[in-house]
Amino acid sequence: MAKKTAKIVKPVKAAKPARKPVKKIVAAKAPKAAKKYVYAFANGRADGDRTMKDVLGGKGSGLAEMTNAGLPVPPGFTISTAACNLWYAEGRKLPQAIEDEMMAHVRRLEQVAGAQFGSTANPLLVSVRSGAKFSMPGMMDTILNLGLNDEAVEGLKARTKNGRFAYDSYRRFIQMFGNVVLEIPKEKFEHEFEAVKRAHAAKVDTDLSEQGMQETVARYKKLVQRETGKPFPQDPVQQLRMSRDAVFRSWNNQRAIAYRRIYEIPDDIGTAVNVQQMVFGNTGDRSATGVGFTRNPATGAKEFFGEFLVNAQGEDVVAGIRTPRPISELAEVMPNSYKELRQFTSRLEKHYKDIQDFEFTIENDKLFMLQTRSGKRTGYAAVVIATDFVAEKLAKPAEALLMVEPAALSQLLAPMFDPAEWKKVPVATKGLPASPGAASGQVVFTSEQAVAWTEQGKKVLLVRKETAPDDIHGMEVAQGILTATGGMTSHAAVVGRQMGRPSIVGAGALHIDEKGKAFSVGGQTVKEGDWVSFDGLTGEVKIGKVATKPSEILQVLNGQMKAADSDIYRRFSALLGWADKVRRLGIRANADQPDQSELAYAFGARGIGLCRTEHMFFGEGRIEKVQRMILADNEQDRRAALAELLPLQRADFYGVLKAMHGEPVTIRTIDPPLHEFLPKREELMVEIAKLEVSGGNAAELAAKRTLLKRVEQLHEFNPMLGHRGVRLGITYPEITEMQARAIFEAACQLAKEGIKSAPEVMIPLVGLVKELRDQKAIVDRVAAEVMKEQKVRIKYLVGTMIEVPRGALTADEIAQEAQFFSFGTNDLTQMTFGFSRDDIGKFLGSYQDRKILDRDPFQSIDTVGVGQLVAMAVEKGRKTRPDIKLGICGEHGGDPSSVHFFHKVGLNYVSASPYRVPVARLAAAHAALSVKVGD
Ligand code: ADP
Ligand code: MG
Ligand code: MG
């Protein structure tokens, strides 16, 4: 690269985004305010930097940052994401001004590189690389060696005195351009290439001579002519424009859309395009290309990790054309470049304060850095790396917290094999341990089958030769992913790790017959539906089903293992300890049983946000009593049945209150409609018909008929909006009375044993303040009675769920009675949208396909609509009662982005299911670190 030309690329100062002009005429006269769409990076200076991912995409901002840091990065420029969006907005073309801006950068790059586009003597060759804000592995293809044509290739040959290299580069270019831009299937190129290799008795591409490469080029050009009816484009500027547009277009290919859906990446942010001078890893034995990580992304271990190939170009390593070599061998082959690479990447790790995933190329013993980004890693590795960074003083605890995605913590709680059971089954084969975790399932060979069987309730293991981005749906539902080819950086490995799905790749001994739906290994044949198990941490694959057991963390929490013996447990709890120091939100759990409550407490929940009493009604030997209560047609009989339920409920509450060690426990009075506790109408009718035919027991028949009559009486057209929640308490006050008595008797009993408890009685589905007033009077009366009887004083609260829109709208009135609100965001979402929670599955897919909805509002709170009701109720509630306690107990309490929102609107706590409590703790810390309340 020419050094003298550095001046020429003096970066154009980034213009501020054009403000809305006050007067149109002024704007028209001030062309300087025009927005910048193209950003250069060359010779130690870049227009952009790491903070500009939105504009430059991840790859572009990384290239800019590395350039500024003085690392050897081939020069180039980045066309911004805004240009991509404009391209779509303008009907798939760019305004002339941007075309001109791009060409100015091409000319500048020619000067920096000392080479010209289309020159015969010294052609400028570039790569065209996509790169959105969020990395989307394998979603968009890169074109290398652009700028070559029939004349330039001769120029390259003459200049490098390496004809084989020149024609190898040209055939690669035609293939990539032909596939990505002209959309000619890859197989057609491969078919031609195979024919040439056969003719020359070459096993792999490196065996081919210049002659072979020239023949390949000739065949490829004919193929292009055949497929498109036009010759292969020879004008480099045209090649560049077409490639750029293909990158823009690929933003909306199906694989990219599917990926964005799964990772909740917005569709409208667009991709940047990077145009960069080529460096060549394919000039011979002193050249190489590779990829790597600064630490092991599967286990988090501090070891340099990666793969490389001698005499190859970028894509070869991941594409599995030849088997890549472990990066440690680079130390022997090219020791200087290896040393330099380690220096650069450690610097990058320190600079970015995160594990880096990098790409490099060595051209004739000179190292170039081509990419760096935060490495995707398993949840396990994330925790190990974050805690190591603190121990190594590379990061402060608050920074380490942000290195772990809250949702990734649930991977650490995933099951593992029982070692004793695992030992019993012989190892069938071993592959590369790409993503840890125990997987056991029935084998399927296609993603469609994986999805179909999962829907039938089966556990599947996806077995593929290799995975492609289209497989993402199958990978998502499978227990594990097993492939026969590919390395630690193959698609299956990268995506498996990111999803936290146990994965083994490159199990080369597997002979997979995808059409015949079977694979064989070591003389054994495994058919679709057979069970296979594997351990993603060791790479061992076994035929058969092996029982899994709880993760180490769970074992420690259950007391089966000592904390001192579990490294990962200690890291996990250290990390969550830091989270607890920074978070503002309290964390509670939704739990109905004492054992669940204990687990939740062990996971760090301090309080129960929702204890559903009706779950207790379904317990063994209880449903008959509940039915008797429901079937009673007068108050006296109902009270008698309730009296039998009282001791059972009291015992439940005793257990749950005790398990929370004095932390508040929110107990909700009965919510579901009564018919849910009775048998189904159709089933009863069948049973009655059978008894009638067989002339069975007359008393039984009579009983069933009575039951049927009551079931029919209770039948509702719309039970979700029917006789449930507070409405039941109003029609049957004795139910509320019994439940309140059970709660306070349990609390009194604990008090007498010297154990503190803090019950909070919650009335569900309140929309009118008078509903709550009615029920609160009952609760307060019973509380007073019990306390007087037992001669114990208990501190308690009475409050309500805000889950009916009218409740939110009149929260100021309701707060006159309620000492706390707990947002029931499941029902609130249901009633705000009018989407039935149980039926949304029928149309959600269509809504997402048509971009009417991004996400399932039952998983992640709709901040705009439902969220507005929450925010309003918070404000109104606090106005009436400044010390009102505010929490949320819907499923959203364990969803990180919803937790952010609840932090922002100023709730006191969130409540999540026990297994999601660690996720919620970390998410609450993230929220506190990134948003201030009220922002
Ligand atoms: P992806 O996003 O799929 O990783 P990249 O744009 O990073 O795609 O490019 C794919 C491969 O091509 C990478 O291995 C990279 O190293 C290589 N590559 C890209 N640009 C150049 C270049 N200018 N010179 C040499 N190799 C390149
Ligand atoms: Mg890359
Ligand atoms: Mg509800």
Side-chain angles (χ1 to χ4, degrees), residues 1 41-42 56-63 66-67 72-79 109 112-113 115 123-148 156 165 168-169 172-173 175-177 179-180 240 243-244 246-247 250-251 253 255-256 259 271-283 287-293 306-309 311-321 324 327 341 356-364 366-376 468-469 487 489-491 493-495:
M1 246 140 285
F41 53 91
L56 304 177
K59 197 176 287 165
S61 87
L63 289 169
M66 286 197 292
T67 302
V73 176
F77 56 84
T78 304
I79 304 169
L109 181 60
V112 175
L124 169 67
L125 303 189
V126 296
S127 61
V128 177
R129 319 171 64 185
S130 63
K133 178 176 182 188
F134 303 100
S135 91
M136 296 164 57
M139 290 292 137
M140 288 177 281
D141 290 311
T142 292
I143 293 162
L144 301 178
N145 311 330
L146 186 140
L148 280 175
L156 186 62
F165 153 71
D168 179 42
S169 302
R172 287 169 183 272
F173 172 47
Q175 173 161 350
M176 282 183 263
F177 188 92
N179 177 243
V180 178
L240 177 62
S243 304
R244 175 199 67 200
V247 172
S250 77
W251 175 253
N253 72 29
R255 298 178 314 185
Y259 188 90
T271 179
V273 181
N274 301 288
V275 178
Q276 187 175 25
Q277 188 188 2
M278 283 301 301
V279 288
F280 299 98
N282 58 332
T283 62
S287 298
T289 182
V291 297
F293 288 84
E307 291 163 330
F308 77 104
L309 274 175
N311 196 11
Q313 263 198 337
E315 297 283 72
D316 296 359
V317 179
V318 267
I321 291 171
I327 203 152
L341 181 66
Q356 294 299 296
D357 166 355
F358 55 84
E359 294 176 2
F360 65 94
T361 282
I362 299 166
E363 177 179 333
N364 301 328
K366 169 137 181 53
L367 173 70
F368 292 93
M369 297 303 295
L370 288 171
Q371 193 171 336
T372 194
R373 63 180 171 204
S374 284
K376 294 208 159 82
T489 47
S490 66
H491 179 263
V494 171
V495 178

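Atoms within a ligand are numbered from 1 in the order they appear, just like the ligands themselves.
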Test log, rule side-chain contact (heavy atoms from CB on, under 4.5 Å), inputs Phe173 and Leu146 = CA-CA 6 Å; Phe173 172 47; Leu146 186 140; 3.7 Å; yes
N, O or S atom within Glu359 nearest to the Mg ion (ligand 2), by name | OE2
The atoms of ligand 1 lying under 4.0 Å from a heavy atom of Gln371, numbered in the order shown, are 4 (O), 7 (O)
Metal proximity, Gln371 vs the Mg ion (ligand 2), N/O/S cut-off 2.8 Å = yes
Answer with yes or no whether Lys59 contacts ligand 1, where contact means a heavy atom under 4.0 Å from a ligand atom.
-> yes
Pick one: which of Arg373, Lys376, Gln371 meets side chain to side chain donor-acceptor pair (under 3.5 Å) with Asp357?
-> Arg373
Should Gln277 be counted as touching ligand 1, given the test is an N or O pair under 3.5 Å?
-> yes
Consider every N or O of Ser127 and every N or O of ligand 1, then say whether any pair is closer than 3.5 Å.
-> yes
If every non-hydrogen atom of Gln313 is compared with every non-hydrogen atom of Thr289, which pair is closest and at what distance?
-> C-CG2, 3.6 Å
Would you call Leu156 and Phe165 a side-chain contact if the rule is heavy atoms closer than 4.5 Å?
-> yes
Can any side-chain N or O of Ser130 pair as donor or acceptor with the backbone N or O of Val273 at less than 3.5 Å?
-> no
At under 4.0 Å between heavy atoms, what of Leu144 touches ligand 1? The answer is side chain
Taking N or O atoms only and a 3.5 Å limit, does Pro74 qualify as a polar contact for ligand 1?
-> no
Ligand 1 versus Leu370: contacting region, heavy-atom distance under 4.0 Å = side chain
Smallest heavy-atom separation, Asn282 atom then Ser287 atom, equals N-CB, 4.2 Å
Flag Thr289 as yes when one of its N or O atoms lies below 3.5 Å from any N or O atom of ligand 1, and as no otherwise.
-> no
Heavy-atom donor-acceptor pair, Thr271 side chain to Gly131 backbone, under 3.5 Å = yes
